[in-house]
2 protein chains.
Amino acid sequence: MKTTRNTAAKTAVLEVFEKSKTALSHTEIHKQLNDLCDRVTIYRILDRLINEDVIHKISNLDGTVKYAKCNHSHQRVHIHNHAHFSCENCHEITCLETVKPSYIMPHNYKVNEINFTLSGLCPNCLNSNI
Amino acid sequence: MKTTRNTAAKTAVLEVFEKSKTALSHTEIHKQLNDLCDRVTIYRILDRLINEDVIHKISNLDGTVKYAKCNHSHQRVHIHNHAHFSCENCHEITCLETVKPSYIMPHNYKVNEINFTLSGLCPNCLNSNI
DNA sequence: TTATCAATTGCAACATTGTTGCGTTTAATT
DNA sequence: AATTAAACGCAACAATGTTGCAATTGATAA
Ligand SMILES: [Mn+2]
Ligand SMILES: [Mn+2]
Ligand SMILES: [Zn+2]
Ligand SMILES: [Zn+2]
């Protein structure tokens, strides 16, 4: 099988995730890295981190895509079954690890992954909007 | 307020939705219309139909965006609180109108919209994969 | 430590998706 | 039929993501 390597760029990307409380887009990561590496490299690092189950991808109703660190203990084969909240005002996306939807599926479907994103106003923006 | 008009292109787009059992991407609609109108016009029609609550937008984990007819009775202010299923094999996206997630939100969030997409294998692909 | 070699990177080129401005056309109303 | 704002086509642009390939580099074994 393919082995994976620790490179300067990969380490830097991980540090950016470590420091951030909210999910990050490819562009946001690129800006924070300040030309440490190429745009394409970041895409490839994100792909690898997803395969390694270190981060997960969040796709939003408005078309934006963000990534966040997985902060469950590392488990083989896990579903990211928590909700994400996307603020319509500040556009920050946060993992709501405690919010897990329950639902009943019809038979004959095999579910591998779920994506549950709520949008509206986050606590910060809700308070400042009074 | 702005009035809305019925144009040939808009009617054609609606017919395409009427005929389809699954959600459609902008590109799929464009191909089915066979150059009846410009690419940009379709984007604008989709925007209008969303505002009129005739269709709704579905954004998928793989980054694709599709649209489907709303088949609830037309109501002012409604949330599309049903699930969508995205097949990893045939890439068809279907509305699961009966599947509605239940969840408990922390306080201080105002939820305006939800997006609940499940991916895996649809009944068709599940059967043919045995 | 040094040689090895596949994993990773940079770069250029490309594809797809969506947006905007503006002059022209057209649906709906008078 | 005249009016007029909505809708349109077209061109140009921006953002996002992908691919091929040669050069670089991290990890491993000699
Ligand atoms: Mn996770
Ligand atoms: Mn609906
Ligand atoms: Zn906010
Ligand atoms: Zn399928």
Side-chain angles (χ1 to χ4, degrees), chain A residues 1-17 23-68 86 88 91 93 115 117 119, chain B residues 1-17 23-68 86 88 91 93 115 117 119:
Chain A
M1 78 188 134
K2 269 187 81 151
T3 61
T4 184
R5 290 180 186 176
N6 292 320
T7 65
K10 186 180 170 186
T11 307
V13 168
L14 275 176
E15 270 172 23
V16 171
F17 276 117
L24 298 164
S25 69
H26 168 271
T27 309
E28 287 165 340
I29 296 167
H30 185 50
K31 279 176 188 157
Q32 286 204 36
L33 289 190
N34 212 53
D35 280 313
L36 177 107
C37 68
D38 193 74
R39 216 165 62 81
V40 179
T41 300
I42 297 178
Y43 279 115
R44 300 200 256 227
I45 290 174
L46 291 172
D47 282 347
R48 267 179 282 151
L49 290 176
I50 288 174
N51 281 331
E52 296 169 8
D53 270 322
V54 176
I55 62 173
H56 56 282
K57 190 173 174 178
I58 306 161
S59 103
N60 217 49
L61 245 198
D62 64 11
T64 57
V65 172
K66 300 213 177 186
Y67 306 85
S86 159
E88 291 164 357
H91 298 105
I93 294 183
N115 173 219
T117 307
S119 42
Chain B
M1 77 189 136
K2 270 187 79 150
T3 63
T4 185
R5 289 180 185 176
N6 293 320
T7 66
K10 185 180 171 185
T11 307
V13 169
L14 274 176
E15 270 170 23
V16 171
F17 275 116
L24 299 164
S25 69
H26 168 271
T27 309
E28 287 165 341
I29 296 167
H30 185 51
K31 278 176 188 156
Q32 286 203 35
L33 289 190
N34 213 53
D35 280 314
L36 177 107
C37 69
D38 192 75
R39 218 165 59 82
V40 179
T41 300
I42 297 178
Y43 279 114
R44 300 201 256 228
I45 290 174
L46 291 172
D47 281 347
R48 265 179 284 151
L49 290 176
I50 288 174
N51 280 331
E52 296 168 10
D53 270 321
V54 175
I55 62 174
H56 55 281
K57 190 173 177 179
I58 306 161
S59 106
N60 219 48
L61 245 198
D62 64 11
T64 58
V65 172
K66 300 213 177 188
Y67 306 84
S86 160
E88 291 165 356
H91 297 105
I93 295 182
N115 172 221
T117 308
S119 44

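In what follows, chains are A, B, ... by sequence order, proteins preceding strands, each numbered from 1.
The distance from atom CG of N60(A) to atom P of dG18(C) is 14 Å, rounded to the nearest whole Å. Regarding H30(A), its NE2 atom lies at a distance of 13 Å from the C1' atom of dG17(D), rounded to whole Å. Remark: P of dG23(C) and CG of D38(B) are 18 Å apart, rounded to the nearest angstrom. Atom CG in L46(A) sits about 11 Å away from atom P in dT9(C), given to the nearest Å. Note: CD1 (I45(A)) to C1' (dG17(D)) measures 16 Å, nearest angstrom. If you take NZ of K66(B) and C1' of dT17(C), they are 14 Å apart, rounded to a whole angstrom. Distance, R48(A) CZ to dG26(D) P: 12 Å, rounded to whole Å. Per the geometry, CD1 belonging to I29(A) stands 18 Å off P belonging to dA15(D), to the nearest Å.
A 4.5 Å side-chain heavy-atom check between T64(B) and H91(B) finds every atom pair outside the cut-off. For the pair R48(A)/V54(A), no side-chain contact is recorded, criterion being any heavy-atom separation below 4.5 Å from C-beta on. No side-chain heavy atom of T117(A) sits less than 4.5 Å from a side-chain heavy atom of I93(A). Within the 4.5 Å cutoff, the side chain of N60(A) has no heavy atoms near those of the S59(B) side chain. Residues L46(A) and I29(A) meet the side-chain proximity criterion, which asks for heavy atoms closer than 4.5 Å.
Separation of atoms CD (E52(B)) and CG (D47(B)) is listed at 11.0 Å; rounding is to 0.5 Å.
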D62(B) and K57(A): CA distance, side-chain angles, deciding distance, side chain to side chain contact (heavy atoms under 4.5 Å, CB included) verdict: CA-CA 9 Å; D62(B) 64 11; K57(A) 190 173 174 178; 5.7 Å; no
Side chain to side chain contact (heavy atoms under 4.5 Å, CB included) evaluation trace for E28(A) with K66(A): CA-CA 9 Å; E28(A) 287 165 340; K66(A) 300 213 177 186; 3.4 Å; yes
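When distances are taken from the side chain of Y43(A) to each of dT17(C), dT9(C), dG17(D), the shortest belongs to dG17(D). Comparing dG9(D), dG18(C), dG10(C) against the side chain of T41(B) picks out dG9(D) as the nearest.
For T3(B), no side-chain nitrogen or oxygen approaches OP1 or OP2 of dA6(D) to under 4.0 Å. For T27(A) and dT16(D), the shortest distance from a side-chain N or O to OP1 or OP2 is below 4.0 Å.
Checked against Y67(A) for a side chain to side chain contact (heavy atoms under 4.5 Å, CB included), the options L49(A), L24(A), I50(A) give a single hit: I50(A).
The nearest pair of heavy atoms linking A12(B) to L36(B) is CB-CD2, 3.7 Å.
When the C1' atoms of four end pairs are superposed on the next four at each end of the helix from dT1(C)-dA30(D) to dT30(C)-dA1(D), using five pairs per end, the two resulting axes differ in direction by 30°, to 10°.
R39(A) comes within 4.0 angstrom of a nucleotide base, judged by non-hydrogen atoms across all strands. As judged by a 4.0 angstrom heavy-atom cut-off over every strand, V65(B) is placed among residues touching the sugar-phosphate backbone only. Backbone-only engagement by A9(A) is indicated by non-hydrogen atom pairs under 4.0 Å involving sugar-phosphate atoms exclusively.
R44(A) contributes a side-chain N or O that forms a donor-acceptor pair with the base of dG10(C) under 3.5 Å.
A residue-by-residue look at G63(B) and A8(B) shows that G63(B) has its nearest nucleotide of DNA chain C further toward the 5' end.
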Extract from the structure each pairing of a protein N or O with an N or O of nucleotides 27-30 of chain D at less than 3.5 Å, listing the distance.
{"residue": "dA27(D)", "atom": "OP1", "partner": "N6(A)", "partner atom": "N", "Å": "3.2"}

